[in-house]
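Read the structure below first, then the notes.
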2 protein chains.
Amino acid sequence: MTERALPYRPHNHDACVSHALADAREICRQHNARLTPIRERVLEFIWQSHKPLGAYDILAMLGAEGHNAAPPTVYRALDFLLQYGLVHRIASLNAFIGCAHAGEHHRGAFLICRQCGTVLELATPAVSKAVEDAAAAEAFLPEEVTLEVAGVCPRCLGDNSNA
Amino acid sequence: MTERALPYRPHNHDACVSHALADAREICRQHNARLTPIRERVLEFIWQSHKPLGAYDILAMLGAEGHNAAPPTVYRALDFLLQYGLVHRIASLNAFIGCAHAGEHHRGAFLICRQCGTVLELATPAVSKAVEDAAAAEAFLPEEVTLEVAGVCPRCLGDNSNA
DNA sequence: CTGCAAATGTTATAATGTTGCAAATTTTGC
DNA sequence: GCAAAATTTGCAACATTATAACATTTGCAG
Ligand SMILES: [Zn+2]
Ligand SMILES: [Zn+2]
Ligand SMILES: [Zn+2]
Ligand SMILES: [Zn+2]
(Lines give C-alpha, C1' and ligand atoms only; values in the text may rest on other atoms or scores of the structure.)
(Ligands and ions follow the chains in the order given, each with its own letter.)
Protein backbone atom coordinates (compact mmCIF):
# COMPACT_ATOMS: atom_id res chain seq x y z
CA MET A 1 0.00 0.00 0.00
CA THR A 2 1.65 3.14 -1.22
CA GLU A 3 2.01 6.50 0.46
CA ARG A 4 -0.24 9.21 -0.86
CA ALA A 5 -0.08 12.97 -0.98
CA LEU A 6 -2.12 15.20 1.29
CA PRO A 7 -5.37 15.98 -0.48
CA TYR A 8 -5.14 19.65 0.45
CA ARG A 9 -2.03 20.21 -1.57
CA PRO A 10 -1.88 20.10 -5.35
CA HIS A 11 -0.78 16.65 -6.38
CA ASN A 12 -0.91 14.16 -9.16
CA HIS A 13 -4.38 12.98 -8.40
CA ASP A 14 -4.44 10.46 -11.21
CA ALA A 15 -1.83 8.65 -9.17
CA CYS A 16 -4.22 8.59 -6.19
CA VAL A 17 -6.87 6.98 -8.35
CA SER A 18 -4.62 4.41 -9.96
CA HIS A 19 -3.05 3.47 -6.65
CA ALA A 20 -6.48 3.10 -5.09
CA LEU A 21 -7.70 0.92 -7.93
CA ALA A 22 -4.56 -1.20 -7.93
CA ASP A 23 -4.85 -1.70 -4.17
CA ALA A 24 -8.50 -2.56 -4.50
CA ARG A 25 -7.83 -5.17 -7.15
CA GLU A 26 -5.13 -6.72 -5.04
CA ILE A 27 -7.26 -6.75 -1.88
CA CYS A 28 -10.17 -8.33 -3.70
CA ARG A 29 -7.91 -10.91 -5.28
CA GLN A 30 -6.59 -11.85 -1.85
CA HIS A 31 -10.11 -12.29 -0.53
CA ASN A 32 -11.50 -14.02 -3.59
CA ALA A 33 -13.93 -11.15 -3.87
CA ARG A 34 -15.18 -10.07 -7.26
CA LEU A 35 -14.43 -6.47 -8.10
CA THR A 36 -16.99 -6.40 -10.89
CA PRO A 37 -17.13 -3.59 -13.45
CA ILE A 38 -19.91 -1.78 -11.61
CA ARG A 39 -18.09 -1.99 -8.30
CA GLU A 40 -14.84 -0.82 -9.80
CA ARG A 41 -16.56 2.04 -11.60
CA VAL A 42 -18.23 3.17 -8.39
CA LEU A 43 -14.89 3.08 -6.60
CA GLU A 44 -13.38 5.08 -9.42
CA PHE A 45 -16.12 7.71 -9.15
CA ILE A 46 -15.58 7.98 -5.44
CA TRP A 47 -11.88 8.49 -5.96
CA GLN A 48 -12.37 11.15 -8.60
CA SER A 49 -11.84 13.70 -5.88
CA HIS A 50 -11.02 13.87 -2.20
CA LYS A 51 -14.54 15.04 -1.50
CA PRO A 52 -17.19 12.63 -0.32
CA LEU A 53 -19.81 11.55 -2.80
CA GLY A 54 -23.45 10.80 -2.07
CA ALA A 55 -25.06 7.59 -3.27
CA TYR A 56 -27.35 9.54 -5.56
CA ASP A 57 -24.42 11.50 -6.98
CA ILE A 58 -22.92 8.18 -7.99
CA LEU A 59 -26.24 7.11 -9.39
CA ALA A 60 -26.35 10.26 -11.52
CA MET A 61 -22.78 9.69 -12.72
CA LEU A 62 -23.65 6.17 -13.79
CA GLY A 63 -26.72 7.54 -15.52
CA ALA A 64 -24.61 10.15 -17.31
CA GLU A 65 -22.58 7.44 -18.96
CA GLY A 66 -25.63 5.59 -20.17
CA HIS A 67 -25.85 3.01 -17.43
CA ASN A 68 -29.45 3.26 -16.36
CA ALA A 69 -29.02 2.15 -12.77
CA ALA A 70 -31.41 2.18 -9.84
CA PRO A 71 -30.53 2.96 -6.21
CA PRO A 72 -29.97 -0.67 -5.16
CA THR A 73 -27.24 -0.99 -7.76
CA VAL A 74 -25.29 1.79 -6.13
CA TYR A 75 -25.98 0.80 -2.56
CA ARG A 76 -24.98 -2.76 -3.26
CA ALA A 77 -21.72 -1.67 -4.81
CA LEU A 78 -21.13 0.59 -1.82
CA ASP A 79 -21.89 -2.22 0.61
CA PHE A 80 -19.33 -4.34 -1.15
CA LEU A 81 -16.70 -1.62 -1.06
CA LEU A 82 -17.43 -0.91 2.60
CA GLN A 83 -17.22 -4.59 3.43
CA TYR A 84 -13.71 -4.86 2.04
CA GLY A 85 -12.60 -1.57 3.54
CA LEU A 86 -12.19 0.18 0.21
CA VAL A 87 -14.42 3.12 1.08
CA HIS A 88 -15.74 4.73 4.24
CA ARG A 89 -19.12 6.17 4.93
CA ILE A 90 -19.16 9.66 6.42
CA ALA A 91 -22.19 9.55 8.70
CA SER A 92 -22.38 13.29 9.25
CA LEU A 93 -22.65 13.85 5.50
CA ASN A 94 -24.47 10.74 4.30
CA ALA A 95 -21.65 10.33 1.82
CA PHE A 96 -18.78 8.06 0.89
CA ILE A 97 -15.06 8.56 0.49
CA GLY A 98 -12.25 6.35 -0.70
CA CYS A 99 -10.23 4.74 2.03
CA ALA A 100 -6.70 6.08 2.12
CA HIS A 101 -5.45 3.09 4.10
CA ALA A 102 -7.18 0.16 2.48
CA GLY A 103 -5.97 -3.18 3.74
CA GLU A 104 -4.17 -1.63 6.70
CA HIS A 105 -6.68 -2.55 9.43
CA HIS A 106 -7.24 0.86 10.85
CA ARG A 107 -9.94 3.00 12.37
CA GLY A 108 -10.77 5.87 10.13
CA ALA A 109 -10.89 9.39 11.49
CA PHE A 110 -11.80 12.20 9.14
CA LEU A 111 -11.04 15.88 8.90
CA ILE A 112 -13.80 17.43 6.82
CA CYS A 113 -13.34 20.95 5.47
CA ARG A 114 -16.58 22.90 5.52
CA GLN A 115 -15.37 25.33 2.91
CA CYS A 116 -13.88 23.17 0.18
CA GLY A 117 -15.39 19.82 1.17
CA THR A 118 -12.06 18.02 1.10
CA VAL A 119 -11.72 15.12 3.50
CA LEU A 120 -8.46 13.91 4.97
CA GLU A 121 -8.41 10.48 6.52
CA LEU A 122 -6.12 10.22 9.47
CA ALA A 123 -4.33 7.18 10.72
CA THR A 124 -4.61 8.03 14.37
CA PRO A 125 -3.18 5.59 16.85
CA ALA A 126 -3.16 8.27 19.56
CA VAL A 127 -6.81 9.15 19.05
CA SER A 128 -7.84 5.52 18.75
CA LYS A 129 -6.01 4.80 21.96
CA ALA A 130 -7.74 7.65 23.77
CA VAL A 131 -11.13 6.47 22.55
CA GLU A 132 -10.45 2.90 23.54
CA ASP A 133 -9.24 3.98 26.97
CA ALA A 134 -12.35 6.08 27.49
CA ALA A 135 -14.55 3.15 26.49
CA ALA A 136 -12.57 0.78 28.71
CA ALA A 137 -13.04 3.16 31.64
CA GLU A 138 -16.77 2.58 31.27
CA ALA A 139 -16.32 -1.17 30.74
CA PHE A 140 -17.72 -0.67 27.26
CA LEU A 141 -16.60 -2.93 24.42
CA PRO A 142 -16.07 -0.73 21.35
CA GLU A 143 -16.67 -2.28 17.95
CA GLU A 144 -16.96 0.59 15.52
CA VAL A 145 -15.85 4.18 15.89
CA THR A 146 -17.33 7.09 13.97
CA LEU A 147 -14.97 10.03 14.29
CA GLU A 148 -15.58 12.97 12.01
CA VAL A 149 -14.18 16.43 12.58
CA ALA A 150 -15.78 19.26 10.65
CA GLY A 151 -13.77 22.46 10.38
CA VAL A 152 -11.51 24.37 8.06
CA CYS A 153 -8.57 22.83 6.27
CA PRO A 154 -5.14 24.49 6.06
CA ARG A 155 -5.60 25.52 2.45
CA CYS A 156 -8.90 27.29 3.14
CA LEU A 157 -7.43 28.86 6.27
CA GLY A 158 -4.50 30.22 4.27
CA ASP A 159 -5.95 31.72 1.19
CA ASN A 160 -9.63 32.55 0.99
CA SER A 161 -10.05 31.59 -2.63
CA ASN A 162 -11.17 28.03 -2.48
CA ALA A 163 -13.20 25.66 -4.57
CA MET B 1 -26.03 21.06 36.63
CA THR B 2 -26.45 17.99 38.75
CA GLU B 3 -24.62 14.68 38.56
CA ARG B 4 -26.56 11.86 36.99
CA ALA B 5 -26.46 8.10 37.32
CA LEU B 6 -24.98 5.87 34.67
CA PRO B 7 -27.75 4.94 32.29
CA TYR B 8 -26.65 1.31 32.25
CA ARG B 9 -27.43 0.79 35.89
CA PRO B 10 -30.92 0.79 37.35
CA HIS B 11 -31.61 4.27 38.66
CA ASN B 12 -34.35 6.67 39.47
CA HIS B 13 -34.90 7.75 35.94
CA ASP B 14 -37.66 10.18 36.82
CA ALA B 15 -34.89 12.15 38.48
CA CYS B 16 -32.96 12.21 35.18
CA VAL B 17 -35.99 13.65 33.46
CA SER B 18 -36.81 16.24 36.04
CA HIS B 19 -33.19 17.36 36.31
CA ALA B 20 -32.98 17.64 32.54
CA LEU B 21 -36.17 19.68 32.36
CA ALA B 22 -35.14 21.91 35.23
CA ASP B 23 -31.74 22.51 33.64
CA ALA B 24 -33.39 23.23 30.30
CA ARG B 25 -35.74 25.78 31.80
CA GLU B 26 -32.86 27.49 33.54
CA ILE B 27 -30.68 27.55 30.43
CA CYS B 28 -33.48 28.95 28.31
CA ARG B 29 -34.27 31.58 30.93
CA GLN B 30 -30.62 32.66 30.93
CA HIS B 31 -30.66 33.02 27.16
CA ASN B 32 -34.10 34.60 26.92
CA ALA B 33 -35.11 31.63 24.79
CA ARG B 34 -38.67 30.37 24.89
CA LEU B 35 -39.01 26.78 25.97
CA THR B 36 -42.52 26.53 24.58
CA PRO B 37 -44.85 23.64 25.44
CA ILE B 38 -44.03 21.79 22.22
CA ARG B 39 -40.30 22.17 22.72
CA GLU B 40 -40.51 21.08 26.33
CA ARG B 41 -42.68 18.12 25.42
CA VAL B 42 -40.22 17.01 22.75
CA LEU B 43 -37.36 17.28 25.22
CA GLU B 44 -39.39 15.23 27.71
CA PHE B 45 -40.01 12.53 25.11
CA ILE B 46 -36.33 12.38 24.31
CA TRP B 47 -35.50 12.01 27.97
CA GLN B 48 -38.04 9.26 28.51
CA SER B 49 -35.19 6.82 28.08
CA HIS B 50 -31.46 6.76 27.56
CA LYS B 51 -31.99 5.48 24.05
CA PRO B 52 -31.94 7.81 21.11
CA LEU B 53 -35.22 8.74 19.51
CA GLY B 54 -35.87 9.38 15.84
CA ALA B 55 -37.70 12.48 14.70
CA TYR B 56 -40.57 10.39 13.44
CA ASP B 57 -40.75 8.51 16.72
CA ILE B 58 -41.30 11.83 18.40
CA LEU B 59 -43.85 12.71 15.77
CA ALA B 60 -45.74 9.51 16.51
CA MET B 61 -45.61 10.20 20.26
CA LEU B 62 -47.07 13.63 19.73
CA GLY B 63 -49.72 12.08 17.51
CA ALA B 64 -50.51 9.51 20.21
CA GLU B 65 -51.46 12.26 22.60
CA GLY B 66 -53.76 13.93 20.16
CA HIS B 67 -51.36 16.58 18.87
CA ASN B 68 -51.65 16.17 15.15
CA ALA B 69 -48.20 17.44 14.22
CA ALA B 70 -46.29 17.39 10.95
CA PRO B 71 -42.55 16.78 10.49
CA PRO B 72 -41.54 20.46 10.54
CA THR B 73 -43.00 20.84 14.01
CA VAL B 74 -40.68 18.18 15.35
CA TYR B 75 -37.64 19.25 13.39
CA ARG B 76 -38.08 22.84 14.48
CA ALA B 77 -38.32 21.82 18.10
CA LEU B 78 -35.22 19.67 17.64
CA ASP B 79 -33.35 22.53 15.99
CA PHE B 80 -34.15 24.70 18.96
CA LEU B 81 -33.04 22.07 21.46
CA LEU B 82 -29.84 21.44 19.50
CA GLN B 83 -29.14 25.14 19.30
CA TYR B 84 -29.21 25.51 23.07
CA GLY B 85 -27.27 22.30 23.64
CA LEU B 86 -30.18 20.48 25.27
CA VAL B 87 -30.03 17.49 22.96
CA HIS B 88 -27.48 15.91 20.65
CA ARG B 89 -27.97 14.37 17.27
CA ILE B 90 -26.44 10.91 16.80
CA ALA B 91 -25.37 10.99 13.16
CA SER B 92 -24.79 7.26 12.88
CA LEU B 93 -28.37 6.59 13.95
CA ASN B 94 -30.24 9.61 12.63
CA ALA B 95 -31.61 10.03 16.10
CA PHE B 96 -31.54 12.37 19.06
CA ILE B 97 -30.58 11.99 22.70
CA GLY B 98 -30.81 14.26 25.70
CA CYS B 99 -27.60 16.04 26.56
CA ALA B 100 -26.21 14.85 29.86
CA HIS B 101 -24.04 17.94 30.24
CA ALA B 102 -26.28 20.76 29.13
CA GLY B 103 -24.79 24.15 29.71
CA GLU B 104 -21.34 22.77 30.38
CA HIS B 105 -19.71 23.68 27.08
CA HIS B 106 -18.47 20.26 26.14
CA ARG B 107 -17.88 18.08 23.15
CA GLY B 108 -20.15 15.12 23.22
CA ALA B 109 -18.79 11.62 22.71
CA PHE B 110 -21.19 8.74 22.78
CA LEU B 111 -21.00 5.06 23.65
CA ILE B 112 -23.87 3.36 21.86
CA CYS B 113 -24.85 -0.17 22.83
CA ARG B 114 -25.85 -2.23 19.83
CA GLN B 115 -27.78 -4.69 21.93
CA CYS B 116 -29.89 -2.57 24.24
CA GLY B 117 -29.63 0.75 22.42
CA THR B 118 -28.58 2.67 25.51
CA VAL B 119 -26.32 5.64 24.91
CA LEU B 120 -23.86 7.03 27.40
CA GLU B 121 -22.53 10.50 26.80
CA LEU B 122 -18.96 10.93 27.91
CA ALA B 123 -17.28 14.06 29.08
CA THR B 124 -13.92 13.28 27.57
CA PRO B 125 -11.18 15.85 27.99
CA ALA B 126 -8.55 13.23 27.11
CA VAL B 127 -10.25 12.22 23.88
CA SER B 128 -11.03 15.82 22.95
CA LYS B 129 -7.40 16.66 23.52
CA ALA B 130 -6.21 13.81 21.33
CA VAL B 131 -8.58 14.83 18.55
CA GLU B 132 -7.52 18.45 18.77
CA ASP B 133 -3.87 17.50 18.71
CA ALA B 134 -4.37 15.29 15.67
CA ALA B 135 -6.18 18.12 13.89
CA ALA B 136 -3.50 20.60 14.89
CA ALA B 137 -0.83 18.28 13.49
CA GLU B 138 -2.51 18.72 10.11
CA ALA B 139 -3.00 22.47 10.62
CA PHE B 140 -6.70 21.83 10.55
CA LEU B 141 -9.08 24.05 12.53
CA PRO B 142 -11.68 21.81 14.16
CA GLU B 143 -15.12 23.23 14.75
CA GLU B 144 -17.40 20.30 15.41
CA VAL B 145 -16.56 16.77 16.41
CA THR B 146 -18.77 13.76 15.79
CA LEU B 147 -17.56 10.91 17.95
CA GLU B 148 -19.80 7.89 18.24
CA VAL B 149 -18.64 4.51 19.43
CA ALA B 150 -20.90 1.55 18.69
CA GLY B 151 -20.32 -1.57 20.73
CA VAL B 152 -21.63 -3.46 23.71
CA CYS B 153 -22.33 -1.88 27.08
CA PRO B 154 -21.25 -3.40 30.39
CA ARG B 155 -24.76 -4.53 31.24
CA CYS B 156 -25.18 -6.40 27.95
CA LEU B 157 -21.68 -7.84 28.26
CA GLY B 158 -22.49 -9.16 31.71
CA ASP B 159 -25.86 -10.76 31.51
CA ASN B 160 -27.30 -11.72 28.16
CA SER B 161 -30.88 -10.88 29.04
CA ASN B 162 -31.26 -7.32 27.90
CA ALA B 163 -34.10 -5.12 26.84
C1' DC C 1 -55.40 48.14 20.72
C1' DT C 2 -52.02 47.77 17.13
C1' DG C 3 -48.31 46.16 14.86
C1' DC C 4 -44.28 43.27 14.71
C1' DA C 5 -41.55 39.24 15.42
C1' DA C 6 -41.43 34.62 16.75
C1' DA C 7 -43.59 30.30 16.71
C1' DT C 8 -46.61 26.98 14.78
C1' DG C 9 -49.74 24.84 11.16
C1' DT C 10 -50.12 22.87 6.61
C1' DT C 11 -49.03 20.97 2.28
C1' DA C 12 -46.00 19.40 -0.64
C1' DT C 13 -41.61 17.69 -1.93
C1' DA C 14 -36.64 16.45 -1.67
C1' DA C 15 -33.02 13.38 -0.23
C1' DT C 16 -31.52 9.05 1.44
C1' DG C 17 -31.97 4.18 1.88
C1' DT C 18 -34.43 -0.61 1.72
C1' DT C 19 -37.31 -4.81 0.31
C1' DG C 20 -38.56 -8.36 -2.69
C1' DC C 21 -38.42 -10.82 -6.60
C1' DA C 22 -37.03 -11.83 -11.44
C1' DA C 23 -33.36 -12.19 -14.84
C1' DA C 24 -28.71 -12.68 -16.02
C1' DT C 25 -24.13 -13.95 -15.10
C1' DT C 26 -20.47 -16.49 -12.94
C1' DT C 27 -18.78 -20.39 -10.49
C1' DT C 28 -18.72 -25.14 -9.28
C1' DG C 29 -19.18 -30.14 -9.52
C1' DC C 30 -19.24 -33.59 -12.55
C1' DG D 1 -18.60 -28.95 -21.90
C1' DC D 2 -22.83 -28.89 -19.05
C1' DA D 3 -26.32 -28.55 -15.65
C1' DA D 4 -27.05 -27.06 -10.94
C1' DA D 5 -25.97 -23.68 -7.56
C1' DA D 6 -24.55 -19.37 -6.10
C1' DT D 7 -23.66 -14.68 -6.91
C1' DT D 8 -24.64 -10.51 -9.10
C1' DT D 9 -27.58 -7.30 -11.40
C1' DG D 10 -32.16 -5.27 -13.03
C1' DC D 11 -36.23 -3.41 -11.69
C1' DA D 12 -40.37 -1.67 -9.30
C1' DA D 13 -42.15 -0.31 -5.42
C1' DC D 14 -41.71 1.50 -0.98
C1' DA D 15 -39.78 3.28 3.62
C1' DT D 16 -37.42 6.67 6.21
C1' DT D 17 -35.43 11.09 7.11
C1' DA D 18 -35.46 15.94 6.26
C1' DT D 19 -36.63 20.46 4.08
C1' DA D 20 -39.14 24.28 1.42
C1' DA D 21 -42.66 27.54 1.03
C1' DC D 22 -46.32 29.97 2.63
C1' DA D 23 -50.42 30.72 5.73
C1' DT D 24 -51.91 31.37 10.45
C1' DT D 25 -51.56 32.07 15.20
C1' DT D 26 -49.43 33.65 19.39
C1' DG D 27 -46.72 36.60 22.54
C1' DC D 28 -45.25 40.90 23.45
C1' DA D 29 -43.86 46.04 23.09
C1' DG D 30 -45.29 50.43 22.52
ZN1 LIG E 1 -5.54 12.84 -4.87
ZN1 LIG F 1 -9.67 4.18 5.79
ZN1 LIG G 1 -32.02 8.03 33.63
ZN1 LIG H 1 -26.49 -2.34 26.33
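In what follows, chains carry the letters A, B, and so on, assigned in the order in which the sequence lines appear, proteins first and then strands, with residues in each chain numbered from 1.
Counting to the nearest Å, the P atom of C/dG17 and the CD1 atom of A/I90 are 12 Å from each other. In this structure, B/E40 atom CD and C/dA7 atom C1' are separated by 16 Å, rounded to whole Å. Rounding to whole angstrom units, CG of residue B/D79 and P of C/dA6 are separated by 16 Å. A/L35 has its CG atom 13 Å from the C1' atom of D/dT8, to the nearest Å. Distance B/L59 CG to D/dT17 C1': 11 Å, rounded to the nearest Å. Atom-to-atom, OH of A/Y75 to P of C/dG20 comes out at 18 Å; the value is rounded to the nearest Å. One can place CG of A/L93 at 18 Å from P of D/dT17, the figure rounded to the nearest angstrom. Protein atom NE2 of A/H67 is 15 Å distant from nucleotide atom P of D/dT8, rounded to whole Å.
Looking at which nucleotide of DNA chain D each of B/D57 and A/P71 is closest to, the 5′-most match is held by A/P71. Of the two residues contacting DNA chain C, namely B/N94 and B/A69, the nearest-nucleotide position lying further toward the 5' end is that of B/A69. Closest-nucleotide positions on DNA chain C for B/N68 and B/R34 were compared, and the one nearer the 5' end corresponds to B/R34.
Closest to the side chain of B/T36, out of C/dG17, D/dT9, C/dA7, is C/dA7.
The aromatic rings of A/W47 and A/H50 stand perpendicular to each other, their planes meeting at an angle above 60°, with 30° marking the opposite boundary.
Taking 4.0 angstrom as the limit, A/T73 places a side-chain polar atom (N or O) nearer than this to OP1 or OP2 of D/dG10.
A donor and an acceptor atom, one from each side chain of A/H88 and A/E121, are located under 3.5 Å apart. Side-chain contact check for A/E44 and A/Q48: no donor-acceptor pair (N or O, by modelled atom type) lies under 3.5 Å.
Side-chain atoms of B/V127 and B/L147, non-hydrogen and from C-beta on, do get closer than 4.5 Å to each other.
Between the side chain of B/R76 and the base of C/dG9, at least one donor-acceptor pair of N or O atoms lies under 3.5 Å.
Here A/Y56 packs flat against the base of C/dT16; its ring centre is closer than 5.5 angstrom to the base's six-membered ring, tilted by less than 30 degrees.
At least one cation-pi condition fails for B/R76 and B/F80: the charged atom is not both under 6.0 angstrom from the six-membered ring centre and inside a 45 degree cone around its axis.
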